[in-house]
2 protein chains.
Amino acid sequence: MGKQNLARTVGTKGMPRKEREQLILDAAAEEFARKGYARGSTAEVAARAGITKPLIYEYFKSRDGLYLACVIRAGSRLVAAVRSAQEGPSDITRAARTLEAIFRALESRVHDWALVYDSTLPAEGELHDAATVYRRELNRLGAAGVAEVLGAARAGEALDADLATHLWYGTVSAAVAWWRHHPEQSAEDMISRFARLSAVLHPR
Amino acid sequence: MGKQNLARTVGTKGMPRKEREQLILDAAAEEFARKGYARGSTAEVAARAGITKPLIYEYFKSRDGLYLACVIRAGSRLVAAVRSAQEGPSDITRAARTLEAIFRALESRVHDWALVYDSTLPAEGELHDAATVYRRELNRLGAAGVAEVLGAARAGEALDADLATHLWYGTVSAAVAWWRHHPEQSAEDMISRFARLSAVLHPR
DNA sequence: TAGGTAAGTTACCCCGCGGTCACTTTGACA
DNA sequence: TGTCAAAGTGACCGCGGGGTAACTTACCTA
């Protein structure tokens with residue numbers, strides 16, 4: 001008795017491991033989102049988290065390991081949100097629902113998007129693979145909505161659909177980037193802005 | 001006589017200065033566009049250009065000076081192309097003309113776009129200022145086209161117009177990024193793809 | 001309260017890259 | 001063909017950042 005959770009607390013200096021882990025991840029997400037994968041530094045992350053560099057390596061093995069954890073957390077959250085927005089009618093409204101889900105998921109976590117879509121990630125390797133998994137899945141889900149907007153306009157070649165999907169996420173990325181410069185906007189604000197614009201562009 | 005252009009040719013080892021300058025700029029543009037400002041290295045640029053590092057510093061003073069020259073060349077070309085596309089009727093066709101001008105200007109120079117819109121540029125300083133000048137000008141020109149598409153839909157707030165302009169360039173950037181992955185496409189191909197897509201999205 | 005173990009830190013190594021200096025090579029002209 | 005200035009290079013420095021070894025500190029148990 002009194003021994004079963006010994007290993008959990010022994011040596012705990014100041015903070016339980018899980019909690020500190022999230023703290024580091026928060027700091028890293030902010031740092032990497034601000035400066036990008038290429039320019040973000042582990043020392044800076046440590047400073048933000050109020051600890052020192054070696055502790056980060058104790059927790060995450062390497063700089064890439066740290067970024068990987070960030071991407072996984074951000075990516076899986078996003079995918080879950082977008083996935084749950086797929087329920088409902090399979091018509092033009094799906095694209096709007098998807099978009100709204102993205103904005104709501106990013107509320108007060110705007111930088112998560114930048115982690116998954118960081119353009120300075122290496123072109124190969126574990127990190128690239130992980131990011132690609134989330135991008136591909138978000139792409140797949142987004143493509144469904146895009147396809148329904150394009151509707152029966154089957155005329156286009158296969159590449160047109162591919163391009164359209166890229167444009168979709170390019171546009172969303174631009175919107176998110178704009179949002180980061182206007183942090184006073186709520187998710188609902190963004191949603192209604194987008195609704196207004198798309199009404200002008202696509203009057204049905 | 002025979003002395004007036006002495007200073008031009010004396011010591012010319014292998015190649016006149018202007019020519020080598022363009023050669024270095026080509027190599028740098030490719031390197032920086034591939035890896036981004038943050039990760040591009042001067043040694044690699046030198047290798048691509050078939051010379052050594054100190055010569056780059058002889059020609060361009062510093063790494064930032066080199067990038068600056070790249071941005072100026074790329075940015076001024078783009079601005080000139082887009083500007084000349086503004087002549088013509090002030091109606092919905094302007095946005096299309098602007099877009100076409102961009103694609104044509106980028107034919108066989110796709111990476112020029114990435115140089116001006118590189119997201120890893122420092123947030124302040126001479127380099128940032130220069131890039132901002134071109135971005136702002138392209139933005140201003142693009143905004144005119146966007147405004148005419150939005151038309152009399154004055155209903156939106158002022159911020160909506162700002163957002164719309166950002167979305168415009170986000171979308172163009174996405175298209176250019178897609179183009180870089182499909183280099184076999186010609187500018188005309190891209191233009192007609194875009195025409196098809198926008199016809200579906202915005203049937204008038 | 002003694003001691004053992006995990007948590008956390010200090011001080012260091014190493015490498016890549018921006019940047020430079022002293023030296024060598026080239027070619028136009030007398 | 002010898003000379004001299006410009007063109008070009010090899011070898012080096014300093015610094016910043018990833019990564020690690022060895023020490024110190026805090027907490028839990030007996």
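On a predicted model such as this, the values are computed, not experimentally measured, just so you know. Numbers restart at 1 for each chain; the letters A, B, ... are given by sequence-line order, proteins then strands.
- In this structure, A/T52 does not reach the C/dG8 phosphate: none of its side-chain N or O atoms is under 4.0 Å from OP1 or OP2.
- In this structure, the CD atom of A/E31 is 10 Å from the P atom of D/dG17, given to the nearest Å.
- Note: CD1 (B/I56) to P (C/dG19) measures 11 Å, nearest angstrom.
- Using a 4.0 Å heavy-atom cutoff across all strands shown, B/Y59 reaches sugar-phosphate atoms only and no base atom.
- Between A/L66 atom CG and D/dG19 atom P the separation is 10 Å, expressed in whole Å.
- The aromatic rings of A/Y117 and A/Y169 sit parallel to each other, their planes meeting at less than 30°, with 60° as the upper class boundary.
- Nucleotide D/dG18 holds its P atom 15 Å from the CZ atom of A/F60, rounded to whole Å.
- A sub-4.0 Å separation between OP1 or OP2 of D/dG8 and a side-chain N or O of B/R20 is present.
- For the atom pair CZ (B/R135) and NE2 (B/H128), the distance works out to 6.5 Å, reported to the nearest 0.5 Å.
- A straight line from OH of A/Y37 to C1' of D/dG17 spans 13 Å, rounded to a whole angstrom.
- Checking D/dG19, C/dG8, D/dT9 against the side-chain heavy atoms of A/L55 singles out C/dG8 as nearest.
- Judged by distance alone with a 3.5 Å cut-off, no donor-acceptor contact links the side chain of A/K53 to the base of D/dG17.
- Rounded to whole Å, atom P of D/dG18 lies 12 Å from atom CZ of A/R39.
- No contact: A/G65 has no heavy atom under 4.0 Å from any strand.
- A/T132 and A/R136 are not linked by any side-chain donor-acceptor pair at a separation below 3.5 angstrom, with hydrogens and angles left out of the test.
- The side chain of A/S41 contributes no N or O atom lying less than 4.0 Å from OP1 or OP2 of D/dG17.
- Taking a cutoff of 4.0 Å between a charged side-chain nitrogen and a carboxylate oxygen, B/E31 and B/K35 qualify as a salt bridge.
- Closest contact between the side chain of B/P54 and the listed nucleotides C/dT20, D/dG19, C/dG19 involves C/dT20.
- Among the nucleotides C/dG18, D/dG18, D/dG10, the one closest to the side chain of B/R63 is C/dG18.
- In this structure, A/I24 atom CD1 and C/dA7 atom C1' are separated by 12 Å, rounded to whole Å.
- We find that A/E100 and A/R97 are not joined by a salt bridge, their nearest charged nitrogen and carboxylate oxygen being 4.0 Å or further apart.
- Here the P atom of nucleotide D/dG19 and the NZ atom of A/K61 are 10 Å apart, to the nearest Å.
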